[in-house]
Number of protein chains: 2
Amino acid sequence: METVGQIIRAKRETLRLLLRQVAAYLDIDQAVLSKIERNERKPSKENIIRLAEILKFDKDELMIQFMSDKIAYEIAAEDCAERVLKVAEKKVKYLKTHPIKN
Amino acid sequence: METVGQIIRAKRETLRLLLRQVAAYLDIDQAVLSKIERNERKPSKENIIRLAEILKFDKDELMIQFMSDKIAYEIAAEDCAERVLKVAEKKVKYLKTHPIKN
DNA sequence: TTACATTTGACAATAACTGTCAAGTAAATT
DNA sequence: AATTTACTTGACAGTTATTGTCAAATGTAA
């Protein structure tokens with residue numbers, strides 16, 4: 001299974017872009033991008049948006065990979081992980097069909 | 001749809017316990033518990049474990065509610081939320097069936 | 001060697017998390 | 001009415017997590 005980091009690195013290399021170039025576009029130090037690609041750091045949401053732009057990813061798809069990574073990572077240790085996702089799904093559906101009270 | 005806070009408050013009241021009493025068991029100030037019950041603060045994982053004990057909840061079930069709340073909250077705003085959960089599910093399954101490299 | 005790309009680790013600024021405390025409100029009791 | 005009790009509120013503080021910088025180290029190719 002591919003990690004977000006691997007996906008990013010593969011695409012960057014395909015496009016023949018340097019860490020330096022992509023990092024500049026993201027407005028971060030290349031050290032951070034290097035770590036992101038090796039899954040030593042997690043990208044911020046802003047990083048993902050910019051990455052999708054410069055690497056010509058489908059914007060939603062990269063965000064989906066990013067967020068699902070985050071979620072999977074935070075619950076994988078629980079043995080009730082699958083059930084957590086099922087319940088979360090119900091809650092999301094509920095939230096989407098009901099007005100947000102403010 | 002019931003929030004974790006609502007579930008906790010309802011059960012505490014059924015058991016005729018005071019904020020003060022439950023908070024002492026959790027080893028936190030009652031102000032925090034008050035806020036947790038009104039969804040103004042999120043409980044820590046430790047809080048959830050102790051709450052399950054004193055309020056006689058099934059431990060897993062309360063943890064599921066807690067974690068699914070957290071996840072639903074963090075992705076509800078995205079319109080690809082459902083898909084994120086599907087992908088997360090696959091990733092969790094993958095992580096569970098593959099040894100964790102260290 | 002020199003030059004370039006990447007990696008590494010120490011550090012810093014900021015934000016988020018988790019709790020304390022004291023003062024406030026509201027309802028019931030004396 | 002005054003007191004007591006339960007809860008709420010907001011300011012604050014300590015700790016941890018997040019997000020980035022920087023300089024030096026490493027790897028790689030001319």
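Only a predicted model underlies this, so the values are computations on that prediction, with no experimental measurement involved. Labels below follow one simple rule: chain letters A, B, ... track the order of the sequence lines, proteins then strands, and each chain is numbered from 1.
Atom C1' of nucleotide D:dG20 and atom CG of A:L26 are separated by 12 Å, given to the nearest angstrom. In this structure, CD1 of A:I28 is placed 13 Å from P of D:dC22, rounded to the nearest angstrom. At whole-Å resolution of the value, CZ in A:R16 and P in C:dC4 are 19 Å apart. In this structure, B:Q21 places its CD atom 12 Å from C1' of D:dT5, rounding to the nearest Å. Distance NZ (B:K42) to P (D:dT16): 20 Å, rounded to an integer number of Å. Note: CG (B:N39) to P (D:dT8) measures 12 Å, nearest angstrom.
Within the 4.0 Å cut-off from OP1 or OP2 of C:dT6, at least one side-chain nitrogen or oxygen of A:R12 is found. Put simply, A:S34 has a side-chain N or O that comes within less than 4.0 Å of OP1 or OP2 on C:dT7. For B:R20, no side-chain nitrogen or oxygen approaches OP1 or OP2 of D:dC7 to under 4.0 Å. Contact between the side-chain N/O atoms of A:R38 and the OP1/OP2 oxygens of C:dT8 is found at a separation under 4.0 Å.
B:K91 and A:Q65 share a side-chain donor-acceptor pair at under 3.5 Å.
Between B:K93 and A:E82 there is no salt bridge, since no side-chain nitrogen of the basic residue lies less than 4.0 Å from a carboxylate oxygen of the acidic one.
Around CG of A:D27, the count of heavy atoms belonging to other residues, nucleotides or ligands within 6.0 Å does not exceed 12.
Side-chain proximity of B:D29 to C:dT20, C:dT6, C:dG19: nearest is C:dT20. Checking D:dT8, D:dT21, C:dT7 against every side-chain atom of A:V32, the shortest atom distance belongs to D:dT21. Among the nucleotides D:dT8, C:dT8, C:dT7, the one closest to the side chain of A:A31 is C:dT8.
Because its NZ or CZ atom is both nearer than 6.0 Å to the ring centre of A:F57 and within 45° of the ring axis, A:K11 counts as a cation-pi partner of that residue.
B:Q30 comes within contact range of at least one nucleobase, with a heavy-atom separation under 4.0 Å. B:R41 comes within 4.0 angstrom of a nucleotide base, judged by non-hydrogen atoms across all strands.
Summary of the strand contacts: B:K35 and B:L18 both lie near DNA chain D, and taking for each the nucleotide with the nearest heavy atom, the more 5' one is attributed to B:L18.
Although no hydrogens or angles enter the test, the distance criterion places no donor-acceptor pair under 3.5 Å between the side chain of A:R50 and the main chain of A:E46.
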